[in-house]
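Note: hydrogens, waters and symmetry copies are ignored here, and every other heavy atom, side chains too, is used.
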Amino acid sequence: MREFGETTVEVPVTFFAERPAGPEPVAPAQKGRFHAMAKPIGSTCNIDCTYCYYLHKEHLLEQHRGRRMGPTMLERYIRQYIEAQNGDEVIFSWQGGEPTMLGLDFFRDIIELQKRYAPAGRRISNDLQTNGTLLDDAWCEFLKQNNFLVGISIDGPRELHDALRVDRKGRPTFDRVMRGVALLRKHAVPFNTLTVVNRLNAKRPLDVYRFLRNELGSTYIQFIPCVEPKDFHSVAPQHWPAEAQPLMGSSAAKPGNADSVVTDWSVDPDDWGYFLSRTFDEWLKKDVGRVLVNLFETAVVQTKGRPAQTCVTAEFCGKALAIEHDGEVYSCDHYVYPTYALGNIRDKHIGAMAFSPRQQAFGYAKRDSLPAFCRQCKHLKVCWGECPKNRFIRSPEGEPNLNYLCPGIRRFHDHAGPALRKLAAHSG
């Protein structure tokens, strides 16, 4: 057991029994750049966010709380991931669940394995997404010494954060997160922030943005819209029947209504547009070149006609896989469903899966499956239909598979378009 403030957390110690190893998969001849989000602890987490899209994997994938990636599987993953890349830098991303529950020794093993398999002249980098509640001096010393970039999940000021981000006893987590942030600052560990924009905090964009900028000192801010169909626990993305998809603008296409197809905490599409527009105005006025906001930075770049910096606004996707603690690889972090399993690194090299015809088809489908409503939109090349996982409403003409967030995205680009064009014209 590990003590942290008033919360006691059980640190998992159980390993999966790995089946006898056969011949190790051989690295394919084709190499390239792709990314994988590793989930070495699966869905296990010490807190219980109302909107978490990953906790249900415990049942969907028949996981058991307390299991983790075994040492053989960890070594196999690190070796294969490095072998499959051809860039000067190989970036490992560690997520969960809550990855710090694995303990420091697990991450010390990661560093040693990376050193063992890194070719000469290649840089190995690590980032860690965490809720921050288990960080202590030892953790921060390790993160600093090994040049980890940390992502802190926080949803704004206390009352907005604690509304949906509670621990497993329903208690608020804000103070514990802020203690973690204070420790990162104390040890000069670089960190970014990730904020889930939901039905509540979307109505207070400036309170959220100014808190992140002023109170946390975040200079790289990621905003992620909370969009969850009510049946997301069991129905994989892009498997919704057309006849069940509500019409854009209808009560069923908004949260909080009896006939709504999304959870009550999902962001309202109109509020998403409002949130982005108000936040953009504040960023434009005070923070251009000083604070990086993921969705604004890529909007400027795409307005210049250059490739997107985020997968959700790119023309194609498929270059961001997810690997679970048991070695199973999925097409995307938001597609961790049996339908989208690509195979297991026991049997197939992760590089072969990353560049397989199946995964390439998954990536191209982002563009090829766009409804006519999107293809005719003036904002197409700065949006590209956003993430396909959110395409479950019908256009005004009744065409299926339109993005749930479409009204808000259009509102934002209608508002920000003139300023984006000016920024694009004057940026390098």
Flag the pair [X] and [Y] as a salt bridge only when some basic side-chain nitrogen lies within less than 4.0 angstrom of an acidic carboxylate oxygen.
X: Glu159; Y: Arg204; answer: yes
X: Arg411; Y: Asp414; answer: no
X: Asp48; Y: Arg165; answer: no
X: Asp105; Y: Arg108; answer: yes
X: Asp268; Y: Lys254; answer: yes
X: Asp88; Y: Arg122; answer: no

Would you find a donor on one side and an acceptor on the other, under 3.5 Å apart, between the side chain of [X] and the backbone of [Y]?
X: Asn146; Y: Phe142; answer: yes
X: Ser250; Y: Pro246; answer: no
X: Lys389; Y: Tyr335; answer: no
X: Arg68; Y: Leu102; answer: yes
X: Asn403; Y: Arg391; answer: no

Give me each pair satisfying ring-ring contact (aromatic ring centres under 6.0 Å, His included) with a member in residues 279-313, each pair once, sequence neighbours excluded.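 Only Phe280-Trp283, Phe280-Phe296, Phe280-Phe412, Trp283-Phe296, Phe296-Phe412 qualify under ring-ring contact (aromatic ring centres under 6.0 Å, His included).
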Heavy atoms from other residues, nucleotides or ligands near CZ of Arg278 exceed 12 (cutoff 6.0 Å): no
Check: [Y] and [X] side chains under 4.5 Å, non-hydrogen atoms:
X: Val261; Y: Trp240; answer: no
X: Pro99; Y: Leu128; answer: yes
X: Thr195; Y: Asn201; answer: yes

For the aromatic rings, using the six-membered ring if either is Trp, is the centroid distance between Tyr117 and Tyr81 under 6.0 Å? no
Assess, by modelled atom type and distance only, whether the side chains of His239 and Thr339 contain a donor and an acceptor separated by less than 3.5 Å. no
Which of parallel (below 30°), tilted (30 to 60°) and perpendicular (above 60°) describes Tyr77 and Trp94? perpendicular
